[in-house]
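Convention: sequence-line order gives letters A, B, ...; per-chain numbering from 1. It should be emphasised that the depicted structure is a prediction, and the values quoted were computed from it without experimental measurement. Just so you know, these numbers use all the heavy atoms, side chains as well, and skip hydrogens, waters and symmetry mates.
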There are 2 protein chains.
Amino acid sequence: MKFILQDLKVNINNNIYLKDPESSTLGKKIIEFSILLIDEIGFDSFTFKKLGEKIGSNESSIYRYFENKHKLLLYLTSWYWGWLEYQLVFTTNSISDAKEKLNKAIEIITRATKEDSSFSHINEVLLNKIVINEYSKSYLTKEVDNENKEGYFSIYKRLVNRIKDMIMEVDNHYKYPTSLASTVTEGSLHQHFLKDHFSSLTDCDEKITPTTYFINLVFNSLNNQKNG
Amino acid sequence: MKFILQDLKVNINNNIYLKDPESSTLGKKIIEFSILLIDEIGFDSFTFKKLGEKIGSNESSIYRYFENKHKLLLYLTSWYWGWLEYQLVFTTNSISDAKEKLNKAIEIITRATKEDSSFSHINEVLLNKIVINEYSKSYLTKEVDNENKEGYFSIYKRLVNRIKDMIMEVDNHYKYPTSLASTVTEGSLHQHFLKDHFSSLTDCDEKITPTTYFINLVFNSLNNQKNG
DNA sequence: CAAAAGTAATAGTATTACTATCAATATTTA
DNA sequence: TAAATATTGATAGTAATACTATTACTTTTG
């Protein structure tokens with residue numbers, strides 16, 4: 001898997017950036033160190049000036065790649081969801097049994113990223129943490145409808161849609177496959193957050209993972225005589 | 001119900017404010033118009049200066065009530081959850097059947113607020129919208145652990161805990177009552193948001209409400225032979 | 001080797017997020 | 001009712017943020 005992922009280039013809507021960060025050394029540095037810095041100080045305190053200091057570059061150089069830090073967050077999170085989607089498709093592709101396939105899919109989207117694939121400038125473990133802590137901020141804005149129209153969230157939407165399709169493969173009488181898919185995707189981030197900061201609001205801990213919980217939740221709902 | 005709610009004073013952790021906004025006319029004006037203004041321009045663009053202009057008061061006067069806008073958001077959302085908790089307790093109190101009780105509880109926490117009770121300076125319909133759009137921002141911060149220790153989220157935690165208890169009353173063998181309770185509470189806000197901005201990520205619309213979806217989700221999981 | 005592209009440095013603006021001071025006005029209490 | 005006290009408003013000021021513009025230097029490429 002690692003070998004194949006080496007050639008992965010996530011296709012990100014090119015209106016999110018002004019200049020493709022993958023196209024230059026500075027661009028890659030911006031991505032690499034923005035992940036480290038956002039993880040370190042949080043997105044709210046993160047500024048292009050601080051990032052510039054960190055990479056020994058000028059603030060104005062960073063502005064040539066991204067209009068503002070919001071767009072950078074959209075870029076990072078899009079990359080993350082694209083990376084997850086790749087794993088999802090790659091891993092579940094060969095599974096013919098619908099239940100087994102869905103089971104694997106839930107596992108992939110709900111697990112914590114534990115290993116940095118280390119071939120690239122992107123630290124996936126930290127990026128996963130950033131998505132848990134900051135993703136909501138990318139869409140809880142007054143501009144969300146415009147940005148959605150522009151296609152800034154299309155990778156995420158495609159991912160949720162894939163889960164929905166797998167749910168329907170298991171039970172095409174279940175009435176809420178889309179909501180269930182979005183509940184698992186977003187709810188997983190939330191359960192991870194609760195585990196780290198509000199342990200009294202979750203059953204998840206070292207033993208019980210969000211994966212365990214969500215697999216149980218989903219399969220309880222599917223092919224269940226109560227759901228009709 | 002309205003009559004009783006008239007005397008409601010939600011008990012908010014007094015470290016959230018510098019001076020109790022309920023204690024003066026200006027304080028109440030701050031609460032009343034901050035709800036209108038945040039709904040109008042969003043929390044990110046909201047500033048105390050703009051609020052001051054709106055209520056014909058000085059920026060510095062508002063700073064005497066709240067340290068910053070983050071604390072004001074904590075105040076508003078705490079009030080909202082306290083108000084919901086009151087409704088929950090009041091409405092479910094007399095119900096003896098555990099399933100019926102849980103059903104009613106889910107209804108209360110997942111429904112959209114449609115009517116402003118209009119007795120007070122607080123517009124609950126708009127406040128509900130603010131909670132949907134902005135609540136996550138109150139805890140997705142680097143300060144969350146300290147603020148949690150200070151008790152800034154205790155009303156929310158107590159509410160989720162009440163749902164958890166009701167879930168356990170219905171099925172005390174179910175393994176994830178706390179996660180299910182937090183999934184419903186947070187997931188409900190999320191489904192409402194999706195309904196308004198990402199309709200392709202939810203089955204909820206005018207006909208299917210988040211209430212319908214979550215009641216189905218919860219009762220499929222409880223007393224289900226698969227859940228063991 | 002010259003042109004083009006990319007990057008850095010500097011400077012500058014408007015806004016934000018406050019703090020401090022003092023005067024004016026209301027309210028409380030002796 | 002006068003004095004004391006609390007509350008609010010006005011003004012000013014600071015440091016940081018979120019940019020934009022210009023110019024010059026450096027590297028790549030044709």
**Student:** Phe43(A) ring centre to Lys137(A) NZ or CZ under 6.0 Å, with the angle to the axis within 45°?
**Tutor:**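 No, a cation-pi geometry is absent between Lys137(A) and Phe43(A).
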
**Student:** Between Thr110(B) and Thr209(B), is there a side-chain heavy-atom distance shorter than 4.5 Å?
**Tutor:**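 No, every pair of side-chain atoms sits at 4.5 Å or beyond.
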
**Student:** Which listed nucleotide (dA9(C), dC19(D), dA10(D)) is nearest to the side chain of Asn58(B)?
**Tutor:**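 Nearest nucleotide to the side chain: dA10(D).
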
**Student:** Is Lys54(B) salt-bridged to Glu40(B), cutoff N-O under 4.0 Å?
**Tutor:**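 Yes, Lys54(B) and Glu40(B) are salt-bridged.
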
**Student:** Is it true that Glu22(A) and Lys28(A) make a salt bridge, defined as a side-chain N closer than 4.0 Å to a carboxylate O?
**Tutor:**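 Salt bridge between Glu22(A) and Lys28(A), a charged N being under 4.0 Å from a carboxylate O: no.
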
**Student:** Below 4.0 angstrom, which residues in residues 60-69 of chain B have at least one non-hydrogen atom near DNA chain D?
**Tutor:**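 Residues of residues 60-69 of chain B that come under 4.0 Å of DNA chain D are, in numerical order, Ser60(B), Ser61(B), Arg64(B), Tyr65(B).
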
**Student:** Give the rounded distance in Å between these two atoms: NZ of Lys19(A) and C1' of dA5(C).
**Tutor:**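 Taking atom C1' of dA5(C) as the reference, NZ of Lys19(A) is at 8 Å.
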
**Student:** Taking the inter-plane angle between the rings of Phe198(A) and Tyr139(B) on a 0 to 90° scale, is it parallel (under 30°), tilted (30 to 60°) or perpendicular (over 60°)?
**Tutor:**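 Phe198(A) and Tyr139(B): perpendicular rings.
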
**Student:** Can you tell me the distance, in whole Å, between the CG atom of Leu18(A) and the C1' atom of dA21(D)?
**Tutor:**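 Interatomic distance, CG of Leu18(A) to C1' of dA21(D): 15 Å.
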
**Student:** Contact between Val144(B) and Phe153(B) at the side-chain level, heavy atoms closer than 4.5 Å - yes or no?
**Tutor:**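 They are in side-chain contact.
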
**Student:** Please give me every residue in residues 29-53 of chain B whose heavy atoms get under 4.0 Å of an atom in DNA chain D, ordered by residue number.
**Tutor:**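 None, since no heavy atom is under 4.0 Å.
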
**Student:** Determine to 10° how strongly the helix from dC1(C)-dG30(D) to dA30(C)-dT1(D) is bent, judged from the axes of its five-pair ends.
**Tutor:**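 Answer rounded to 10°: the end axes differ by 20°.
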
**Student:** Could you give the CD1-to-P distance, from Ile55(A) to dT7(C), as a whole number of Å?
**Tutor:**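 Taking atom P of dT7(C) as the reference, CD1 of Ile55(A) is at 10 Å.
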
**Student:** Quick one: do Trp79(A) and Glu124(A) satisfy side-chain contact (heavy atoms from CB on, under 4.5 Å)? Show the steps, please.
**Tutor:** CA-CA 10 Å; Trp79(A) 194 96; Glu124(A) 289 91 2; 3.7 Å; yes

**Student:** Roughly how many Å is it from CD in Glu59(B) to C1' in dG9(D), rounded to a whole number?
**Tutor:**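 Rounded to whole Å, this separation is 12 Å.
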
**Student:** Determine, for Lys29(A) against Glu32(A), whether the closest basic-nitrogen to carboxylate-oxygen distance falls under 4.0 angstrom.
**Tutor:**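 A salt bridge is absent here (no side-chain N lies under 4.0 Å from a carboxylate O).
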
**Student:** Is it the case that more than 12 heavy atoms not belonging to Lys50(B) sit under 6.0 Å from its NZ atom?
**Tutor:**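 Atom NZ in Lys50(B) is crowded, with more than 12 foreign heavy atoms closer than 6.0 Å.
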
**Student:** Does a side-chain N or O from Ser57(A) land closer than 4.0 Å to OP1 or OP2 of dT7(C), or not?
**Tutor:**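 No, Ser57(A) has no side-chain N/O under 4.0 Å of OP1/OP2 on dT7(C).
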
**Student:** Would one find more than 12 heavy atoms of other residues, nucleotides or ligands at under 6.0 Å from atom NZ of Lys195(B)?
**Tutor:**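 Atom NZ in Lys195(B) is crowded, with more than 12 foreign heavy atoms closer than 6.0 Å.
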
**Student:** In whole Å, what is the span from the NZ atom of Lys71(B) to the P atom of dC18(C)?
**Tutor:**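 Spelled out: NZ on Lys71(B) to P on dC18(C) is 10 Å.
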
**Student:** With a cut-off of 6.0 Å (strictly less than), are more than 12 heavy atoms of other residues, nucleotides or ligands near NZ of Lys129(B)?
**Tutor:**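 No, the 6.0 Å shell around NZ holds no more than 12 heavy atoms from other groups.
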
**Student:** Please give, in whole Å, the distance from dT7(D) P to Asp20(B) CG?
**Tutor:**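 Computing the Asp20(B):CG to dT7(D):P distance gives 12 Å.
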
